[in-house]
Amino acid sequence: MATPLGWSQGGSGSVCLAFDQLRDVIESQEELIHQLRNVMVLQDENFVSKEEFQAVEKKLVEEKAAHAKTKVLLAKEEEKLQFALGEVEVLSKQLEKEKLAFEKALSSVKSKVLQESSKKDQLITKCNEIESHIIKQEDILNGKENEIKELQQVISQQKQIFRNHMSDCRIQKQQENYMAQVLDQKHKRASGKRQARGHQRLREK
C-alpha cells in the first residue's frame with residue numbers, strides 16, 4: 001500500500017505518538033500564552049518601559065505564530081490519524097472476511113476428511129468381512145476336497161475289490177466251464193458205451 005504524503009512507515013502507532021506529542025506542545029504553548037497575557041495585564045497595571053513591552057509583545061506574536069503552526073501540524077496529524085484509522089478498519093473488515101472464508105473452507109475440508117475417513121472405515125470393514133467370508137469358503141472347500149479325496153480312495157479300493165472279484169468270478173466261471181466240459185465228455189463216453197452194449201445185445205439175440 002502506498003504511503004500518504006507526510007506519513008511515516010511506523011504505522012498508526014507512530015501517528016498516535018506524534019499526535020500526543022503535538023497535543024502536549026499545544027498545551028504548553030497555550031499555557032505560555034496565558035502566562036504572557038497575565039504578564040501584559042500586570043504590565044498594564046504597573047508601568048513598564050516601552051522596550052520591555054515591545055519585547056513581550058514580540059514574544060507573544062512569535063508564540064501565537066508557533067501556536068498557529070502547531071495547530072496546522074496537529075490538523076495534519078489528525079487527518080493522518082483518521083486516514084490510518086480508516087485503513088485499519090478496512091483491513092480489519094477484510095481480515096475478518098478472510099478469517100470467515102478460511103474457517104468455512106477449513107470446516108468444509110474437515111467435513112470431507114471425516115466423510116472420507118468414514119468411507120475408508122466402511123471399506124476396511126467390508127474388505128475384512130469379505131476376507132473372512134473367503135477364508136470360511138476356503139476352509140469349506142478344503143474340507144470338501146479332503147472328503148472328495150477320501151471318497152476317491154474308497155472308490156479306488158472298491159474298484160480294486162470289484163476287479164479282484166470279477167477276476168475271481170472269471171476264474172471260477174472258467175473252472176465251472178471246464179468241469180462242465182469234462183463232465184459232459186464223461187457223460188457222452190458213458191452214453192456211447194451204453195449204446196454200444198445195447199447194439200451188441202441186439203446182435204446176439
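For the numbers below, each heavy atom of this structure counts, side chains included, while hydrogens, waters and symmetry mates do not.
- Ser107 places no side-chain N or O within 3.5 Å of a backbone atom of Glu103 that could act as its donor or acceptor partner.
- Counting only distance, with no hydrogens or angles, the side chain of Ser108 and the backbone of Lys104 share no donor-acceptor pair below 3.5 Å.
- Between the side chain of Ser132 and the backbone N or O of Asn128 there is no donor-acceptor pair closer than 3.5 Å.
- How far NZ of Lys120 is from CG of Leu123: 10.0 Å, rounded to the nearest 0.5 Å.
- How far OG of Ser167 is from CD of Gln172: 11.5 Å, rounded to the nearest 0.5 Å.
- The SG atom of Cys169 sits 8.5 Å away from atom CZ of Phe162, with the distance rounded to the nearest 0.5 Å.
- Remark: the Asn164 side chain and the Gln160 side chain contain an N/O donor-acceptor pair separated by less than 3.5 Å.
- With sequence neighbours left out, Glu176 forms a salt bridge (charged side-chain N to carboxylate O under 4.0 Å, His left out) with no residue at all.
- From Lys149, atom NZ reaches atom CD of Gln152 across 8.5 Å, with rounding to the nearest 0.5 Å.
- Between Lys93 and Glu89 there is a salt bridge, since at least one side-chain N of the basic residue sits less than 4.0 Å from a carboxylate O of the acidic one.
- By the side chain to side chain contact (heavy atoms under 4.5 Å, CB included) test, Glu62 pairs with Lys58, sequence neighbours left out.
- Checking side-chain atoms of Ser117 against main-chain N and O of Val113 turns up no donor-acceptor pair under 3.5 Å.
- Atom CD of Glu98 sits about 9.5 Å away from atom CG of Leu91, to the nearest 0.5 Å.
- Of the listed residues (Gln157, Gln153, Lys159), just one forms a side chain to side chain contact (heavy atoms under 4.5 Å, CB included) with Ile155, and that residue is Lys159.
- Of all the heavy atoms in Ile26 and His67, the pair that sits closest is CG2-CE1, 3.5 Å.
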For residues 136-144, please give each side-chain donor-acceptor pair under 3.5 Å, one per line with the distance, not counting sequence neighbours.
{"unit_1": "Asn142", "atom_1": "ND2", "unit_2": "Glu138", "atom_2": "O", "d": "3.1"}

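- In this structure, the separation between CZ on Arg170 and NE2 on His165 is 10.5 Å, given to the nearest 0.5 Å.
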